[in-house]
Amino acid sequence: MYRGKYATCLPQAGIPCDRLKTNYKHMKLAVVGATGLVGSEILEVLDEHNFPYDELLLVASERSVGKQIEYKGKTHTVIGLADAVAAKPEIAIFSAGGSTSLEWAPKFAEVGTTVVDNSSAWRMDPSKKLVVPEINAKELSKEDKIIANPNCSTIQMVLALEPLRQRYGIKRVVVSTYQSVTGTGKAAVDQMMAERAGEEPEMVYPYKIDMNVLPHIDVFQPNGYTKEEMKMINETKKIFSDDSIAVTATTVRIPTMGGHSESVNVEFKTDFDLAEVRDLLTKTPGIVVQDDPEKLLYPMPIHAHKKDEVFVGRLRRDESQANTLNMWIVADNLRKGAATNAVQIAEYLLANKLV
């Protein structure tokens, strides 16, 4: 049963339980894309995690420069990217889209800033680390000036799979996602709510989303998969550093808010004990097991909303194939799927003196 937020600390990921401290006399932190959905969530997570900084730079596109944002009892004026680079922050958390990241992340890196980027721009770049702190933060070094945050759907899946991978090994993963409109952004939320109110919306999706299901996230690729599906396939292999794992995905947009849901079928290299699976997941920091069919207890986006954890349930053996488990995974895509994971990377950098 869910008992509230887990501690900020993740000792196994190198994030201590005591309040983080910096070695800087004046620690500057930039949030790039501060006016967007994920940017706003990053600010909430920074506050909740008591992230240490002396100066906070809120950064956005030119159309938002000069905008006033109230945060933690102080009025902040949004600045542009060039001014943010000139300020030389120690860390910059990006959530401003791939094109912005491709252009500006290297400029921040050139002045010594460590960038944690939420876009897809750098994820599959072989020279950049793709990080879920609980799994592979230990690969980071001071030389990593641009660090990629994985796709939201990938993060929640690999976090739930990692303790099982360590115990049983993984041969194949089949995943179908049921993704919130918040993953597309505010305009998509506006489309859904306008449709729900019977109004004529500005269309973000090619079809109506309310009372509908779209088996189409991002653009279609020549192989018939969407870009979102290929992200899950390729990112999973990279995070696990294992190209031998077979992964196939179908990603679907549904008219919900609060988080993404995933039906995951995983074939292990060895047989497993279902009780041990539950125990391994229950003992993994950042995971909450909700798996009691008799009490109708299972993860749902409505309960994952605004929570940092990944919720796992519907654990059952696949009776059609040996060594195979079915599981249902839910997480707030704006939290662990984006903001929380990025902030945890920044916490790891500070805790291990990598900036």
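Source: prediction; values computed, not measured.
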Tell me every residue that passes salt bridge (Lys or Arg N to Asp or Glu O under 4.0 Å) with [X], counting only those two or more places apart in sequence or in another chain.
X	answer
Lys129	Asp144
Asp210	Arg196
Glu267	Lys171
Lys74	none

Should [X] and [Y] count as an ion pair when the cut-off is N to O under 4.0 Å?
X	Y	answer
Asp271	Arg317	yes
Glu162	Arg165	yes
Lys231	Asp218	yes
Lys307	Asp332	no

I'd like to know if the side chain of [X] pairs up with that of [Y] as donor and acceptor (distance under 3.5 Å, no hydrogens or angles considered).
X	Y	answer
Asn118	Asn149	yes
Thr251	Tyr225	no
His260	Gln156	no
Asn151	Glu228	yes
Glu90	Thr113	no

Is the number of heavy atoms from other residues, nucleotides or ligands under 6.0 Å of [X] [atom1] greater than 12?
X	atom1	answer
Lys208	NZ	yes
Glu202	CD	no
Lys72	NZ	yes
Gln321	CD	yes
Glu319	CD	no

Do any N or O atoms from the side chain of [X] and from the backbone of [Y] form a donor-acceptor pair under 3.5 angstrom?
X	Y	answer
Ser263	Ser176	no
Glu262	Val175	no
Lys238	Asp125	yes
Arg253	Ser180	yes
Asp54	Met27	yes

Which distance, rounded to the nearest 0.5 Å, do you find between the [atom1] of [X] and the [atom2] of [Y]?
X	Y	atom1	atom2	result
Arg335	Glu44	CZ	CD	5.5 Å
Asn341	Leu159	CG	CG	8.5 Å
Tyr71	Ser40	OH	OG	10.5 Å
Leu130	Ile135	CG	CD1	10.0 Å
Asn265	Met327	CG	CE	10.5 Å
Ser120	Asn234	OG	CG	12.0 Å

**OP:** Tell me, with the steps shown, if Gln221 and Thr226 meet side chain to side chain donor-acceptor pair (under 3.5 Å).
**Re:** CA-CA 5 Å; Gln221 305 296 288; Thr226 65; over 6 Å; no
**OP:** Scan Leu280, Leu281, Asp273 and name whichever one has a side chain to side chain contact (heavy atoms under 4.5 Å, CB included) with Val277.
**Re:**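 Only match with Val277 under side chain to side chain contact (heavy atoms under 4.5 Å, CB included): Leu281.
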**OP:** Please list all pairs passing the ring-ring contact (aromatic ring centres under 6.0 Å, His included) test where one or both residues lie in residues 108-146, with sequence neighbours left out.
**Re:** Phe94-Phe108
Original post:
Please, which pairs that meet ring-ring contact (aromatic ring centres under 6.0 Å, His included) have at least one residue in residues 263-283, sequence neighbours excluded?
Top reply: Tyr168-Phe268, Phe268-Phe272
Under the side-chain contact (heavy atoms from CB on, under 4.5 Å) test, residues paired with [X] that sit two or more places apart:
X	result
Asp243	Lys237
Ala194	Glu199, Pro201
Glu143	Ser141
Thr100	Leu81, Ala96, Trp104

Original post:
If you group Ile, Leu, Val, Met, Phe, Trp and Tyr whenever their side-chain heavy atoms sit less than 4.5 Å apart, what else falls in with Val252?
Top reply: Tyr178, Val213, Ile254, Trp328, Val330
Original post:
Who else is in the cluster with Ile302 when I, L, V, M, F, W and Y are joined by side-chain contacts under 4.5 Å?
Top reply: Leu296, Tyr298, Met300
**OP:** Assess whether side-chain contact (heavy atoms from CB on, under 4.5 Å) is satisfied between Glu41 and Ser95, documenting all intermediate values.
**Re:** CA-CA 10 Å; Glu41 207 72 30; Ser95 185; over 6 Å; no
Original post:
Going through the checks in order, is the side-chain contact (heavy atoms from CB on, under 4.5 Å) test met by Leu58 and Leu43?
Top reply: CA-CA 9 Å; Leu58 300 188; Leu43 293 175; 3.7 Å; yes
